[in-house]
Novice: 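My structure is below; once you've seen it, I'll send some questions.
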Amino acid sequence: MRQYVLKRLCLVVPTLLLISIIVFSLNHMLPGDVVVLMFEEKAYAKDLDALRAKLGLDRPLYVQYFSWLGDVVQGNLGESLWTKRPVVEEMMRRLPVTFELGAMGIIVALCIALPIGVLSAIRQDTLKDYAARSIAIVGLSVPPFWKATLVIVLPSIWFGWAPPLQFTPFAENPWQHLSQFILPALILGIAPGASLMRLTRALMLEVLRQDYIRTAWSKGMREPRVVLRHALKNAVIPVVTLLGLQIIQIANGTVILETIFGLPGVGRFLVDAMFQRDYTVVQGVILLTSSIIVVVNLLVDMTYAYLDPRIRYQ
Amino acid sequence: MNTLPAHPQKGQGIPRRALLKIGATAGMTLSAGLLHAPSALWGAEAGQPKRGGILRAWGSDPPHFDPHLTTNAKTHAALSFVHGTLVRHKVGAGIQPGTFIVEPHLAERWEALDDTTYVFHLRQGVKWHNKPPVNGRELVAEDVKFTFDRFLTEKGNPLRYILEAVDKVEVVDRYTVKFLLHEPFVWLVDVLANPLGTWIIPREVVEQFGDLKKPESAIGTGPFLLERYEPNIKTVFKRNPNYFLPDLPWVDGVEWMVVTDPSAALAMYRSGQFDCGPAPWWSVRQEDLESVKKTHPHLLYQDFLSTVSHAIYMRTDQAPFNDVRVRRAISHAVNRQEIIEAVWIKGEQIPAISRGLAEWSPRLDELGAGARYYQYDPKEARRLLAEAGLPKGFKTLLHTTNGTGAGPALVDAAQLAQRALKEVGIETELKIEEYGAYMATTYLGKFEGMVLAPISNAWDPDTVLYGLYAPNQPRNSSHVDDPKITAMLKEQRQTQDREARKKIIFDIQRHIADQQYYVYLYCVGITGSWQPYVKNYAPNSTYDYGYRSASLWLDR
């Protein structure tokens with residue numbers, strides 16, 4: 001196990017290095033120039049060339065890359081070109097919002113996937129099964145931004161009510177703070193929940209036909225014990241793998257939902273930075289989120305051992 | 001534009017100085033009336049004023065807070081809450097949108113000693129916000145001098161041109177300042193009232209922060225204190241308890257909220273989370289209007305025309321746009337009414353000054369010979385092109401931007417114009433630019449081909465006409481250099497008589513219509529909206545959200 005973790009950790013380094021190169025290059029390939037964008041807004045240089053020199057953007061790209069990488073290795077993601085605030089500081093202010101939304105989205109996804117997936121499997125080809133599968137298809141097909149728009153717009157037309165769309169910090173009003181996350185978390189969790197539900201159902205159907213389950217039934221074991229203890233635990237391993245991948249989808253989903261629901265998270269920060277061509281912010285945010293995703297995948301692999309002791313890290 | 005009689009009227013048998021005294025007395029009387037009996041003016045319309053409550057309003061996120069380093073409306077709108085100007089535009093329920101009546105503010109009166117010398121007498125006892133480093137000290141003439149010295153000398157001030165006529169500002173005594181001009185400029189008082197860069201700022205704050213970009217540096221004499229700035233979320237303003245106008249502001253504070261998604265913003269308005277319309281100018285977008293009126297008939301609505309002019313501008317210093325026949329052909333080719341109806345739903349075709357500023361904007365049938373070029377006539381357009389030696393048309397660029405308050409609709413309008421131009425043989429490649437890039441380059445005349453975009457916002461006619469037509473002005477986007485216009489522009493700047501000045505301004509617009517240096521298109525129709533409990537409020541297309549917020553009250 002230790003050897004496996006070490007090996008995976010060693011792989012993390014070239015992965016992140018590769019990500020850093022891709023992020024840096026793509027960022028600078030985008031049409032539009034931060035210097036031109038800033039010139040009118042900030043006007044703290046005589047001309048475009050002076051501003052470019054001031055921001056250090058007049059150096060060759062590879063020099064800029066290694067200079068940035070050197071800072072990153074020392075834990076410094078640089079400063080926003082626009083606000084001059086450290087990227088790490090800005091991220092730390094916003095990460096809790098995104099984590100909170102993401103975590104609630106995952107909880108929603110699991111709350112949808114596991115009970116409905118199991119129910120659908122044990123009541124195969126019944127009305128409940130068909131209904132659950134149909135809802136899953138709808139959940140997968142409808143894009144989150146559209147669901148979000150409907151959720152905001154329709155109640156405001158029908159009932160003159162809209163969810164709170166101005167961010168309130170937890171310390172200021174805990175209930176209002178949480179209530180702000182409920183709807184975006186629901187919307188965020190529906191699509192991954194539907195994918196996971198379909199997989200749970202398929203795997204449960206497979207496991208429920210195994211000999212050891214038949215043996216359990218024949219021994220007169222009660223349904224909840226057979227389903228939850230013997231079948232679900234074995235069926236859930238690939239679900240955990242998919243959940244790891246769905247976390248990436250959830251992270252992507254936060255970008256749009258934070259904008260629509262007015263949540264000041266990393267997603268919205270990234271969108272604004274991309275529009276403003278704030279290179280250091282875009283690079284910092286993507287590098288950090290990539291690192292988080294790499295770590296999440298590592299944790300997913302390590303969870304296998306807990307769920308199935310037969311798995312060995314050789 | 002109506003102005004208090006600050007300028008002496010010639011030729012009426014009254015000596016200049018006597019008239020100035022009358023004007024000053026009238027100014028003082030009116031200002032005193034405003035200060036001590038606001039409810040007498042507003043009571044009939046809005047009932048008795050009521051203190052308290054927080055105004056929750058659609059707002060925007062300023063790129064920074066330095067009024068001398070940007071033309072960005074978001075900065076100036078935010079600063080209107082915290083800062084004061086020497087004179088200001090009157091606000092309140094009785095003000096018709098499109099009228100900008102100048103009234104005293106930090107200056108209680110003013111006088112023109114001659115054509116190039118203006119003296120402003122400051123109100124005594126006005127206090128800066130009670131925040132370090134000014135800590136509530138009194139506003140004095142030295143502050144006004146510091147402000148305009150910085151305005152005139154700050155490198156990179158894109159608004160420098162609006163006070164180009166000002167040579168220097170001198171302190172006469174603790175409460176009196178003198179503006180000395182290079183040349184006569186009758187619009188000085190009007191320009192000082194515009195909520196665009198003329199805010200009075202304190203020296204200590206500039207010295208402490210180096211510039212005024214940080215929110216902490218937004219310290220003024222205005223009705224509200226900036227309490228909290230949360231980027232991309234909101235700016236929270238708190239009532240200034242030491243504001244020099246008694247009782248104002250009526251509300252305890254303002255939450256100036258940033259909601260970028262229009263559907264979310266509208267839902268907030270429908271559900272009562274916003275007190276005023278959820279779009280620029282606190283309006284409801286025309287595409288949403290019918291539905292909102294149906295479901296929320298109790299909300300208040302007021303239609304008005306924007307003071308912003310939309311136009312096609314082009315490199316008139318380069319071929320083929322240096323040929324007036326080509327410019328006239330472009331004007332004939334574009335179907336203005338079609339674009340208004342298809343994209344903006346409401347609006348009106350315009351001469352050089354938007355019809356939103358009705359007093360200074362002639363109707364199309366008053367434009368004389370130039371009026372004919374407003375007719376949609378592709379056949380005549382092709383004929384003019386052929387006459388100009390371009391029977392097969394030509395290829396060029398058509399720039400626009402997706403970042404103004406108009407949003408994606410502007411791109412739709414550009415596409416309709418592109419199609420119309422193609423019909424007469426002008427093939428254009430559409431270039432959609434980001435707002436910052438557009439403002440830094442194309443808007444300042446650094447482009448090739450043509451541009452379709454909002455071109456000016458008129459609170460007074462001079463700022464628009466002089467900026468767009470005087471040679472070497474940074475805002476002269478079409479690169480116009482027409483000696484006839486330049487001479488008329490200078491003449492109207494020296495003409496004290498209002499009617500005579502109006503005649504010159506109309507003549508300028510007739511000549512402009514004939515020459516089509518800018519192919520003016522339309523101004524957009526806006527529907528301002530607010531909750532019925534918001535009293536003493538009227539919409540207007542000005543950035544001065546601060547004084548409107550200070551003057552209204554909430555009667556929930």
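Proteins get letters first, then strands, A, B, ... in listed order; numbering begins at 1 in each.
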Novice: Counting heavy-atom pairs closer than 4.5 Å to chain A, which one of B:Leu266, B:Ile233, B:Val292 comes out on top?
Specialist: B:Ile233
Novice: Look at B:Glu230, B:Arg56, B:Lys234, B:Met257 and state which one has the largest set of heavy-atom pairs under 4.5 Å with chain A.
Specialist: B:Met257
Novice: If you round to the nearest 0.5 Å, how far is CZ of A:Phe145 from CG of B:Asp261?
Specialist: 10.5 Å
Novice: Where along residues 147-154 of chain A does a heavy atom come under 4.5 Å of chain B, listed by residue number?
Specialist: A:Thr149, A:Ile152, A:Val153
Novice: So for B:Val258, is it side chain, backbone, both, or neither that comes closer than 4.5 Å to the heavy atoms of chain A?
Specialist: both
Novice: So what's closer than 4.5 Å to chain A heavy atoms on B:Ser263: side chain, backbone, both or neither?
Specialist: both
Novice: More than 12 non-hydrogen atoms from neighbouring residues, nucleotides or ligands closer than 6.0 Å to CD on B:Glu287, yes or no?
Specialist: yes
Novice: Output the residues of residues 160-168 of chain A for which the shortest heavy-atom distance to chain B is under 4.5 Å, in residue-number order; output 'none' if no such residue exists.
Specialist: A:Gly160, A:Trp161, A:Ala162, A:Pro163, A:Pro164, A:Leu165, A:Gln166, A:Phe167
Novice: More than 12 heavy atoms of other residues, nucleotides or ligands under 6.0 Å from CD of B:Glu290: is that the case?
Specialist: no
Novice: For chain B, which residues of residues 170-185 of chain A have at least one non-hydrogen atom nearer than 4.5 Å to it?
Specialist: A:Glu172
Novice: Minimum heavy-atom separation for A:Ser156 and B:His296, please, with both atom names.
Specialist: O-CE1, 3.8 Å
Novice: Please name all residues satisfying salt bridge (charged side-chain N to carboxylate O under 4.0 Å, His left out) with B:Glu154, sequence neighbours left out, ordered by chain then number.
Specialist: B:Arg150
